[in-house]
Amino acid sequence: MEPHPDLFREQARVTEVTAKVARRLAQFRQQAAGVQSEIVSIRRDFWEDVTVNLEDAIEAAETMASIRQQAEVMSEQERSHQSLTQQIRILGRLEQSPYFGRIDFLADGEAEADRIYIGIASFVDDNGEDFLIHDWRAPICSVYYDHEPGPADYRAPAGVIQGTLERKRQFLMKAGKIVSMFDTAITIGDQILQEILGSAASPQMKSIVGTIQREQNRIIRNTRNQLLVVQGVAGSGKTSTALQRIAYLLYHERESLRSENVLLFSPNPLFSSYVSNVLPELGEESMRQLTYQDYVRTALGKAQPVEDIFDQTEYVLTQMDHPDYSARLQAIRYKSSMDFKDLMDRYIAWLAQDGLEFRGIKFRGSLLISRKDIKRRFYAMDNRISIPNRLAMLKRELLKELKEHEIKQRSQRWVEDEVELLDEETHHAAFQRLQSEGRFAQTSFDDFSREQALLAEQVVHQSFRPLRAAIAQLRFVDVRAVYANLFNQRQFTQRIAKRHELPEEWPDICAQTLRQLETGKLAYEDAAPFLYLKERLTGIRSHPLIRHVFIDEAQDYSAFQLACIRQLFPHARMTLLGDPNQAIHLQASGASAFDAARSLYPAERTETLVLNRSYRPTREIVEFTRRIVEGGERIEPFERTGIRPTLTRVRDEEDRRAKLLACMRDVQQRGHRTIAIICKTAGETRRVYESLRDQLELQLVDEETVTFRPEPLVIPSYLAKGVEFDAVLVYDASEHTYSRDHERTLFYTVCTRAMHELHLFSQGTPCPWIDAAYCDVK
């Protein structure tokens, strides 16, 4: 291929720009070293620069002011160092690859086109006026992603700017050298995309700003809608697009939005680690990340343990012979539905009249206020007042009464015993307090009774502290008993169910739920309803500081969960990302999850965008995997070819291990780094790991794993979600392992983790969704 005629000029510009970047980088590194040295000095000499004098109130106040001043100086230096470190990170990337695109845009009414070079961040010449590189998020850069040469426009703060896109050029650079350069009429030329997608997978997700497609750019720059739903097939770049969207929002709303105002619900800790580097690569701080289970556990507290979702998944995948299996599957589906939420809402409405359960308040084994008395007081209040407001009123009343009990306890014998055990320091502190209050005429203990009374007061006040905290936190409301009553009073529940039919196995579901509640640990399917009940009774704790919520793998959320999240974050815009074909958990709503979410927002503030093109896997892998799921014909493969998937038949476990190891060696010889052996369950994963660890350098991945190394690993099917690998080896693709209806999407998810190679092994009949016409059978 002939070199591009402008290659020499473009390379000269790259060399000039990278030299300027290098000089700026050296300056910042020198400044950062100076600031770091200053921080070390401040920390070392902190107390030498502070005069500590606590002799009286004035001296103590001056001491505290001096400490605050020194702390503020150090904090300012630390902020400066953090900013410099961030700039150094960005400049380091610009030095290697200063930009990836160029547009020549002639605005209407202008005589000459603006030449815009686009990179991950802006870079201004030393004069502070000339932009050598424009940040990809700048308004004019949208032209690069949205238009082909010809008439074009972009939305600027002053309004829509119209003009002509005269040239669109793309670069691929490494170490300051142009590797590839193309003029193109489409968003990203296939040559560039081929090179990038053909590279090896990484233990951490990479930024895609250089390969954003037009449909992805619509998602990234959407600032109009309150709810944005992104339904994308496997490999369509949903997650990458979402992270670029976060970076764009932080840039677009930089005057009012910070990373702490953005929350991402991720599917598991491994996924959180996998995507953690994308925003820092773009010069932004990472947003807050947590799983839905993390949020529930935090909201319910340690006093209410919750089953792990992966334990629930293991049960569904392995306990088919358990006598309660059918009832539990029905329970999982029903408790995840909007029908159950409607039932809960009617139950809560009835609780305003009757049925709320309370705990009595005890102190040192004695009952101070009985649960019947608390219940009587609650229902004596005006029932037109909401339950949370009545509980707030009741809380104040109980705290007031607790104060009276506290005063009575001061004269009890146990208090005298506790006072005698107090150390000398406590006695001295009590004396100083009395003296400061003017309750002693002279500096000696000439009033023993006053001292004893004060110490008794302190002892009792300290002893009552847990009770005060419990009442303040409304722990006198027995939420678990209230939830249990929904399953304990079947005739009542059937009466309030009204138009909604209860599941066929409702009596078995009730018995199973009550047995689980008796253990003290909530089943995972009960977590969202229980939290919803608790919040509705005690007052919904909204999170006003969160302004954008992103939910990845949203198809795995139940309609009930999404309704709860909407209620917990009422001030936030929501972005949902998912693929109904990858709904792997039984409570997952799949496509109906998106329908449920849309019903929670005004239609005019909602937009749904569909990504049908799969970029990550080779064409051969897409051709194979899209036949696994219904509607797979809509999935469009990207024109990147590779080897066909293989199906290897094995005689027994020994034959499987031998052929799998041989396959692994072949894959490694072809230069692939991230290779996953994907098993169905955690139990199978551990067995495979133990059988192969002596013959293969292998990493075991479980629910506790937060990162993986670029070496072969063995992982359960449901933990591989959202992560990509150079090659995937499916340990058991037989009909025995994958054949039930709810396992179809799980099998599809497993196979679509592969970027370059997919190899399946089967003992006996292969699973029914494998089309042998699209793989090589061995």
Side-chain angles (χ1 to χ4, degrees), residues 10-50 66-102 115-138 141 171-179 202 204 206-207 209-210 246-247 250-251 254-255 257-260 276-287:
E10 291 287 11
Q11 181 59 61
R13 186 184 192 277
V14 170
T15 302
E16 179 184 355
V17 171
T18 53
K20 292 180 178 180
V21 169
R23 286 197 297 272
R24 187 84 50 85
L25 182 58
Q27 292 170 5
F28 280 9
R29 282 174 174 159
Q30 187 175 7
Q31 290 178 31
V35 173
Q36 178 66 34
S37 177
E38 183 66 22
I39 291 172
V40 172
S41 177
I42 292 173
R43 286 176 176 167
R44 184 185 63 240
D45 303 332
F46 189 95
W47 292 109
E48 292 182 11
D49 296 334
V50 174
S66 178
I67 292 173
R68 280 195 298 270
Q69 184 178 17
Q70 282 294 100
E72 287 170 6
V73 170
M74 187 164 68
S75 294
E76 181 60 34
Q77 293 290 344
E78 288 175 340
R79 285 192 294 270
S80 177
H81 187 267
Q82 184 178 10
S83 176
L84 285 167
T85 301
Q86 192 174 44
Q87 290 295 319
I88 289 168
R89 185 187 301 119
I90 295 171
L91 290 171
R93 291 201 65 204
L94 292 181
E95 187 180 26
Q96 295 296 310
S97 178
Y99 40 83
F100 53 80
R102 166 187 163 182
R115 187 176 297 176
I116 308 295
Y117 286 87
I118 304 168
I120 64 164
S122 296
F123 184 77
V124 184
D125 208 344
D126 292 337
N127 60 23
E129 297 178 0
D130 299 329
F131 275 83
L132 301 178
I133 308 171
H134 283 73
D135 192 302
W136 67 277
R137 297 167 291 187
C141 295
F171 305 93
L172 183 62
M173 302 183 195
K174 291 181 181 177
K177 301 293 183 183
I178 298 176
V179 177
S202 166
Q204 287 195 310
K206 304 170 186 175
S207 163
V209 293
I246 294 171
L250 291 170
Y251 175 89
R254 55 190 177 277
E255 298 301 323
L257 189 69
R258 298 288 180 270
S259 57
E260 59 264 26
S276 63
N277 200 47
V278 174
L279 287 181
E281 273 193 5
L282 297 172
E284 302 288 355
E285 293 183 10
S286 285
M287 68 278 137

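Position 1 is the first residue of the sequence; numbering continues from there.
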Separation of Q86 CD from I88 CD1 (nearest 0.5 Å):
11.0 Å
Separation between CD of E95 and CZ of R93, rounded to the nearest 0.5 Å
13.0 Å
May I ask you to decide if Q11's main-chain N or O and T15's side chain share a donor-acceptor pair within less than 3.5 Å?
yes
Would you say T85's side chain and H81's backbone share a donor-acceptor pair under 3.5 angstrom?
yes
For the side chain of N127 and the backbone of E129, is there at least one donor-acceptor N/O pair under 3.5 Å apart?
yes
One thing to verify: whether R13 and E10 come together as a salt bridge, which I'm taking to mean a side-chain N less than 4.0 angstrom from a carboxylate O.
no
Distance-minimising heavy-atom pair for A247 and W136:
CB-CZ2, 4.1 Å
For residues 21-36, pull every pair meeting salt bridge (Lys or Arg N to Asp or Glu O under 4.0 Å), keeping only residues two or more places apart or in separate chains.
R24-D126
If you count every heavy atom of other residues, nucleotides or ligands that lies below 6.0 Å from Q30 atom CD, does the total exceed 12?
no
Nearest heavy atoms of F100 and I120, plus distance in Å
CE2-N, 4.2 Å
Which residues pass the salt bridge (Lys or Arg N to Asp or Glu O under 4.0 Å) test with E16, sequence neighbours left out?
K20
For F123, ring pair (Phe, Tyr, Trp, His ring centres under 6.0 Å) partners two or more places apart
none
Nearest 0.5 Å please: distance from the CG atom of D125 over to the CD1 atom of I133.
10.5 Å
Roughly how far apart are I118 CD1 and H134 NE2, rounded to 0.5 Å?
8.5 Å
With a 4.5 Å heavy-atom cut-off, do M173 and Y99 have their side chains touching?
yes
Look up atom CG in L257 and atom CD1 in I246, then write down how far apart they are to the nearest 0.5 Å.
10.0 Å
Between I90 and A121, which heavy-atom pair has the shortest distance, and what is it?
CG2-CB, 3.5 Å
Separation between CD1 of I116 and CZ of R102, rounded to the nearest 0.5 Å:
10.5 Å
Please tell me if the side chains of V14 and P98 come closer than 4.5 Å, counting only heavy atoms from C-beta onward.
yes
